[in-house]
Amino acid sequence: MTARIRVQSAGRRGVVLALPGGETVKASVSGVVYRDSGGPVCGDVVEAVPESPRWRVTSIAERTSVLTRTSPLGKPQVLAANIDRVLVVASICSPALRRGFLDRVLASAEHTGLNCSVVLNKTDLAADPEAASLTEIQRVYGDGAGYRVLTVSAKTGMGMEQLSTFIEGQTVVLTGPSGAGKTSVAMLLNPRLDLAVGALNQKTSRGRHTTVAARLLHLWGDTWMMDTPGLRAFSIEHIPAGELWLCFPEFRGLEPCRYRNCLHDSEPGCPVRDGVASGSIDRERYDSYLKLLGEIREGRPGGVRE
Ligand SMILES: Nc1nc2c(ncn2[C@@H]2O[C@H](COP(=O)(O)OP(=O)(O)OP(=O)(O)O)[C@@H](O)[C@H]2O)c(=O)[nH]1
Ligand SMILES: [Mg+2]
Ligand SMILES: [Zn+2]
């Protein structure tokens, strides 16, 4: 007897499966599955047989969507599968918002055709002189790039109702730097979850990598959330140079460039560059694009830490 089941979390020593009734079981993975696909990831749908003492995963169903980065070893690495939407979580301060990180994750999600949105957490700290400007982020990522920008506070609960309505009926993945408050957001959406939240490093105001493995969480009904570990680096060298510009929505839909294979970095007659010069395209987003393009061209192994 086999059953089609979702992977709640995947590690080196096996996986945890979420059975349809809500129960979870540990399972090993057949060697052939590792060989053919690199092994299951969080969110995979698998076939598994209930063997003793552990279940055994015998195959992975075709993935409807994936979130991918280039691993520190320089290989494409699937972080999560079968997702409806990526929520890039950033805190407006503590730790400081790094726009370059947002741009990397958004570009990677765009490349595999995933819906993505920005969640700005810790808005209770908006008066902090170090805090990023909500208006500015809305201008660049909302009005400019067309992403939905949700502002929340996992401390006060502000914005959580809008967030729950927004993700209703979807499987969403939370990704972002350590300490941004991903796990805190998940727990506010389903207070029955009992997960570890970590205090920041007082000296650096950075997170302490509290969440160590991606985990599929049941929020309610058919709404699911994957909480993932804060990433130190998010390289995207797996994206071909000529496809990167398509991962920046505000570069698309302009007049055609003079040169058909324009990479929008130095060629004349380029509406992307004109847009940057006239201010209709945000310069920092464009600079992120150039930086990523450089990394892809050089194929720098391990990528750059943001
Ligand atoms: N002031 C404030 N603090 C928050 C908020 N959300 C989370 N925190 C705090 O930020 C710290 C990090 O929260 P976590 O939820 O563990 O962050 P994370 O993104 O899951 O971090 P990793 O698991 O390490 O990737 C904790 O001390 C939380 O209490 C918020 O909205 N406002
Ligand atoms: Mg966490
Ligand atoms: Zn161009």
Side-chain angles (χ1 to χ4, degrees), residues 9 42 79-80 87-98 101-102 105 119-128 130-132 134 150-160 163 173-191 193-202 204-217 225-234 241-246 248 250-277 280-281 286 289-290 293 306:
S9 61
C42 182
L79 300 170
L87 297 179
V88 193
V89 183
S91 46
I92 59 167
C93 64
S94 308
L97 188 146
R98 285 167 301 152
F101 191 93
L102 282 188
V105 182
V119 174
L120 290 181
N121 188 33
K122 308 201 185 183
T123 51
D124 54 288
L125 304 176
D128 189 304
E130 307 277 299
L134 299 179
L150 295 121
T151 48
V152 302
S153 164
K155 187 169 179 186
T156 66
M158 199 284 279
M160 286 295 164
L163 179 58
V173 59
L174 301 182
T175 185
S178 178
K182 301 178 292 298
T183 306
S184 306
V185 167
M187 288 212 290
L188 224 76
L189 291 169
N190 180 353
L193 295 170
D194 184 16
L195 307 168
V197 161
L200 303 181
N201 178 322
Q202 296 236 311
T204 63
S205 285
R206 292 199 168 191
R208 294 176 190 267
H209 295 275
T210 309
T211 305
V212 292
R215 191 167 154 191
L216 180 67
L217 308 165
M225 178 166 268
M226 289 179 203
D227 183 22
T228 66
L231 294 170
R232 290 188 176 87
F234 201 104
E243 292 172 21
L244 182 66
W245 70 275
L246 294 163
F248 285 71
E250 64 271 56
F251 298 2
R252 304 192 294 243
L254 304 174
E255 290 295 311
C257 299
R258 185 181 306 165
Y259 297 103
R260 204 159 59 88
N261 295 328
C262 184
L263 287 177
H264 323 299
D265 59 338
S266 56
E267 300 88 336
C270 171
V272 174
R273 294 178 64 213
D274 293 347
V276 177
S280 65
I281 290 178
Y286 180 68
Y289 166 75
L290 292 181
L293 186 65
E306 276 291 346

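Remember, it's 1-based here, ligands and their atoms both numbered in the order they're listed.
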* Leu217/Leu189 under side-chain contact (heavy atoms from CB on, under 4.5 Å): CA gap, chis, key distance, verdict -> CA-CA 11 Å; Leu217 308 165; Leu189 291 169; over 6 Å; no

Ranked by distance from atom 6 (N) of ligand 1, the top protein heavy atom is Asn121 ND2, 3.1 Å

Under 4.0 Å from one or more heavy atoms of Ala154, ligand 1 contributes atoms 6 (N), 30 (C), 31 (O)

One finds that the ligand 1 atoms under 4.0 Å from a non-hydrogen atom of His209 are 24 (O)

Near Gly230 (heavy-atom distance under 4.0 Å), the atoms of ligand 1 are 25 (O)

for atom 17 (O) of ligand 1, nearest protein heavy atom and its distance come out as Gly181 N, 3.1 Å

Report task. Check the surroundings of atom CD in Glu255: do more than 12 heavy atoms from other residues, nucleotides or ligands lie under 6.0 Å from it? Result -> no

When distances are taken from atom 4 (C) of ligand 1, the protein heavy atom at minimum range is Lys122 CE, 3.6 Å

Taking CD in Glu243 as the centre, count heavy atoms belonging to other residues, nucleotides or ligands within less than 6.0 Å. Is the count above 12? yes

Residues Pro271 and Pro256: closest non-hydrogen pair is CG-O, 3.9 Å

Heavy-atom nearest pair, Leu174 first then Thr228, reads O-OG1, 2.7 Å

Tested for side chain to side chain contact (heavy atoms under 4.5 Å, CB included) against Met158, the lone hit among Val152, Thr151, Asn121, Asp124 is Thr151

Note to self: Under the criterion side-chain contact (heavy atoms from CB on, under 4.5 Å), I'd like the reasoning laid out for Leu134 against Thr123: C-alpha separation, chi angles, the key distance, then a yes or no.
What the structure shows: CA-CA 9 Å; Leu134 299 179; Thr123 51; 4.1 Å; yes

Closest non-hydrogen contact found for Cys93 with Ala131 is CB-CA, 3.8 Å

task = Measure from the side-chain N and O atoms of His264 to the backbone N and O of Arg273, and report whether any donor-acceptor pair falls under 3.5 Å.
result = no

If you count every protein N, O or S atom closer than 2.8 Å to the Mg ion (ligand 2), you should arrive at 2

The closest protein heavy-atom partner of atom 21 (O) of ligand 1 is Gly179 N, 2.9 Å

For SG in Cys270 and ND1 in His264, the angle at the Zn ion (ligand 3) (nearest 10°) is 110°

Checklist entry - Which is it for Leu195 and Thr211 under the side-chain contact (heavy atoms from CB on, under 4.5 Å) test, yes or no, and what are the steps along the way? => result CA-CA 9 Å; Leu195 307 168; Thr211 305; over 6 Å; no

_Criterion side-chain contact (heavy atoms from CB on, under 4.5 Å) on Leu231 and Leu79, from CA distance to verdict_ = CA-CA 11 Å; Leu231 294 170; Leu79 300 170; 4.0 Å; yes

If you compare Gly198, Ser94, Pro177 by their heavy atoms, the one closest to atom 27 (O) of ligand 1 turns out to be Gly198

- Under a 4.5 Å cut-off applied to non-hydrogen side-chain atoms, are Val185 and Met160 in contact? yes

Logged contact type for Val197 with ligand 1, heavy-atom cut-off 4.0 Å, is both

Please determine if Thr211 has a nitrogen or oxygen closer than 3.5 Å to a nitrogen or oxygen of ligand 1. yes

Closest to atom 24 (O) of ligand 1 among protein heavy atoms sits Ser178 OG, 2.6 Å

**Close side-chain approach of Tyr286 to Phe251, heavy-atom, < 4.5 Å** = yes

Between ligand 1 and Gly207, can you find any atom pair, the residue atom being a heavy atom, that is separated by under 4.0 Å? no

Atom 15 (O) of ligand 1: closest protein heavy atom, distance to 0.1 Å, is Ser184 OG, 2.6 Å

With heavy atoms and a 4.0 Å threshold, my read on which part of Lys155 contacts ligand 1 is both

| query | For Val88, does its backbone N or O pair with a side-chain atom of Lys182 as donor and acceptor, under 3.5 Å? | reply | no

Atom 1 (N) of ligand 1: closest protein heavy atom, distance to 0.1 Å, is Asp124 OD2, 2.9 Å

